[in-house]
Participant: 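Got a structure for you, questions after.
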Amino acid sequence: MCGAAKLLRLLQGCNSMDRLRKIHAQVLLQGYHGHPAVSAKLLSFCATSAAGDLAYARLLFSGILRPTTDHWNALIRGSSRSPAPLDALSLYNAMMRRASSRPDAFTFSFLLKACALAKADPKCREAHASIVHSGLSSHVIVGTNLVRAYADNGSIDEARRVFDEIPDKDLVAWNSMISSFCHAGLHEDALKVYDRMRQSGVGLDEFTAVGLLSSCAHLGALGFGVRICKFAEENGFLRRNVFVGNALIDMYAKCGRLDEARRVFDGMRRRDNFTWNSMINGLGIHGHADKAILLFQRMLMAGVRPNSISFLGLLTACSHHGLVDDGLKYFQRMGSAYNIKPDLKHYGCMVDMYGRAGKLDEALEFIHSSPFKDDPVLWRMLLSASRIHGSVVMGEIAIQNLIEMSANNAGDCVLLSDIYEHAGDSQGVARMRKMVKDQGIKTTPGWSWIEIHGEVRKFVVGDTSHAESEEIYKKLEEMISRAASLGYAMERSAEWLENFVDSTTDYHSEMLAIALGLLRTPKGTSLRIVKNLRVCKACHSLTKYASRIYDREIVVRDRVRFHHFKEGICSCNDYW
């Protein structure tokens, strides 16, 4: 006769449901189905093991007369990771109605994971109240899962408050908060959390590095990213973890350092699909189409199957370099050779590609034939292309479609207004002004980031919130004065919303950031700016003069492209 100890040993070595069923049969034959430890082990394998069967676990659970906390935990955990995480919430509710067992730290941790996956914010808040009532609010594992659950439900302020209240934060808790800020787009906050983490004496690991490098990429914080890179190389992260290498490639590319991105890529012993994609996309956003295509061919020769992101990088590169035929070939190959269905971003690249090449009729035809013809993104790209080539007809077609979708914004009116101005149509400019005024259309607030001595500083238009504001404005006025002596004329064109808003003192955010960079960094230091909107003509022109006057390399990454300014010349040759 098998004893409970022997049955538990058999269950410990179980690795398949076939074996589990045989052991279960022995449990029933020997009368141990009511033994708490044996039934809990049976249930745990079925509910939580990769080789288990959640339906079988539910059957087992239904036969337990007085389930313990361990029984409930096994089934709640398994359900929280299933395609139906709401089942975990129902099980928790059933557990709370039974007096035979009470939730513990594991119960709440599994429940919170289900709340995160199911986007069940009300249940998350209810669980939070129960956690406080149970005296587990200072439990680091429960607190960490509560942070994740709130963040995944979009309640980032609550996540921040819970995190701050955890008394003894471990590395996982710090990483969770950094990751939560990254996913919420609060990249400045992510870097600030790392500063607190460092002051607390907690070291970083690969997960920290990946999260921080992602934030550095978004902020253009090259100096910060370089320090993370050095630490990662010294501690073997690059050898052990391919994700760190991928994040480094992405960070360097988005900070304008393709040479360093390529160095990391070439030095990686192991590469996955994301590695190749990161490098191809890096080349693509900088307009190096030939190199992106060659790397894509190397990727195929290495036996790595491309995905939709691979083709997005290729199409971006072809678009920036004017390779319409190549771009169309790769767009068609997505479906014909790899059975990849193009999404909105791929169609957007194609419209952008036709538009940049001046093939506006083809761009319009492509939009009409696409499954996304009712998406404002494509029409906005056609409008931008119409501005580049001064096509009033296409510009009016694009904005009419945006108006019909109720998707037009102030930026769209600015674009068409600029087209009208270049065509000498003052009535068209007046109509756009009137539309914005009468309909109360709002423009997207512009902001820029610059990293100064490891600290990321943010500026908005006409910003006076910085301690150095007086110095910044004096420096900017000096810059304008010196540029004017060389031929710069401050423009007040049809970019009447994206340019100086109310007066000539409401300077754009990137110019304020550049002024601070000139004030606070040594001569010869490159200035790197990230802007959420497109750089306007006035700022583009003034930045060219600034790079010449102060002998600085100035790199501006806006929502459209990279602009490398050096010695009065921009890499994009022409603003358009």
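Note that the structure is predicted; figures quoted are calculated from it, not measured.
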Participant: Determine whether a donor-acceptor pair (N or O, by modelled atom type, separation under 3.5 Å) exists between the side chain of His288 and the backbone of Gly284.
Facilitator: no
Participant: For Arg520, enumerate each residue passing the side chain to side chain donor-acceptor pair (under 3.5 Å) test, keeping only those at least two apart in sequence or located in another chain.
Facilitator: Glu471
Participant: Verify, without hydrogens or angle tests, whether Thr521 (side chain) and Gly517 (backbone) share a donor-acceptor contact under 3.5 angstrom.
Facilitator: yes
Participant: Are His139 and Phe108 an aromatic pair, judged by ring center distance below 6.0 Å?
Facilitator: no
Participant: Quick one: does Arg271's side chain have a donor or acceptor within less than 3.5 Å of a partner on Met299's backbone?
Facilitator: no
Participant: Do Arg457 and Trp449 meet the cation-pi criteria used here (NZ or CZ under 6.0 Å from the six-membered ring centre, within 45° of the axis)?
Facilitator: no
Participant: Would you say the ring centroid of Phe243 lies under 6.0 angstrom from that of Phe207?
Facilitator: no
Participant: Using modelled atom types and a 3.5 Å cut-off, is there a donor and acceptor pairing between side-chain atoms of Glu553 and backbone atoms of Leu527?
Facilitator: no
Participant: With a 3.5 Å distance limit and no angle check, can you tell me whether Arg482 reaches the backbone of Ala546 through a side-chain donor-acceptor pair?
Facilitator: no
Participant: Within the side chain of Ser179, is there an N or O that forms a donor-acceptor pair under 3.5 Å with the backbone of Asn175?
Facilitator: no
Participant: If you look at every heavy atom in Asn153 and Ala120, which pair is closest and at what distance?
Facilitator: OD1-N, 3.1 Å
Participant: Nearest 0.5 Å, please: how far is CG in Asp152 from NZ in Lys113?
Facilitator: 12.0 Å
Participant: Hey, what do you get for CD1 (Ile450) to CD1 (Ile529), rounding to the nearest 0.5 Å?
Facilitator: 3.5 Å
Participant: Excluding sequence neighbours, so at least two apart, what forms side chain to side chain donor-acceptor pair (under 3.5 Å) with Tyr194?
Facilitator: none
Participant: Stepwise, does the salt bridge (Lys or Arg N to Asp or Glu O under 4.0 Å) test hold for Asp259 with Arg263?
Facilitator: CA-CA 6 Å; Asp259 54 340; Arg263 180 186 66 82; over 6 Å; no
Participant: Between the side chains of Ser465 and Asp463, does any donor sit under 3.5 Å from an acceptor?
Facilitator: yes
Participant: Identify the two heavy atoms, one from Leu533 and one from Asp558, that lie closest to each other, and give their separation to 0.1 Å.
Facilitator: O-CB, 3.1 Å
Participant: Taking Asn281 for the side chain and Ser310 for the main chain, is one N or O donor matched with an acceptor at less than 3.5 Å?
Facilitator: no
Participant: Do Arg148 and Ser176 have a side chain donor and acceptor closer than 3.5 Å?
Facilitator: yes
Participant: Could you check, using the six-membered ring where one of them is a Trp, whether Phe163 and Trp174 have ring centers closer than 6.0 angstrom?
Facilitator: yes
Participant: How about His466 and Leu512: do any of their side-chain heavy atoms sit closer than 4.5 Å?
Facilitator: no
Participant: Do Arg561 and His320 get their side chains close enough for a donor-acceptor pair, meaning under 3.5 Å?
Facilitator: no
Participant: Should Ile178 and Met197 count as side-chain neighbours, where that means a heavy-atom distance under 4.5 Å?
Facilitator: yes
Participant: Please determine whether the number of non-hydrogen atoms from other residues, nucleotides or ligands lying under 6.0 Å from atom NE2 of His564 exceeds 12.
Facilitator: yes
Participant: Do Arg227's NZ or CZ and the ring of Phe224 fall within the cation-pi criteria of under 6.0 Å and 45°?
Facilitator: yes
Participant: Could you report the tightest heavy-atom contact between Gly143 and Ile166, atom names first, then the distance?
Facilitator: C-CD1, 3.7 Å
Participant: Are the side chain of Asp551 and the backbone of Ser547 linked by a donor-acceptor contact shorter than 3.5 Å?
Facilitator: no
Participant: Which label fits Tyr507 and Tyr473: parallel for a plane angle under 30°, tilted from 30 to 60°, or perpendicular past 60°?
Facilitator: tilted
Participant: For a quick test of reading the model, state the closest non-hydrogen atom pair linking Arg160 to Leu186 and the distance between them.
Facilitator: NH2-CD1, 4.4 Å
Participant: Go through the structure and list residues passing side chain to side chain donor-acceptor pair (under 3.5 Å) with Asn235, not counting sequence neighbours.
Facilitator: none
Participant: Just so I know, are the side chains of Arg528 and Glu451 near enough to count as touching, which here means a heavy-atom distance under 4.5 Å?
Facilitator: no
Participant: Do Arg125 and Tyr150 form a cation-pi contact, if we require the NZ or CZ to be under 6.0 Å from the six-membered ring centre and within 45 degrees of the ring's axis?
Facilitator: no
Participant: Going from CE on Met511 to OG1 on Thr543, what distance comes out if it is rounded to the nearest 0.5 angstrom?
Facilitator: 4.0 Å
Participant: Is the positively charged end of Arg305 above the ring of Tyr338, judged by distance under 6.0 angstrom from the centroid and angle within 45° of the axis?
Facilitator: no
Participant: If every non-hydrogen atom of Leu314 is compared with every non-hydrogen atom of Ala292, which pair is closest and at what distance?
Facilitator: CD2-O, 3.8 Å
Participant: Assess the side chains of Asn246 and Ser278: does a donor N or O sit below 3.5 Å from an acceptor N or O?
Facilitator: no
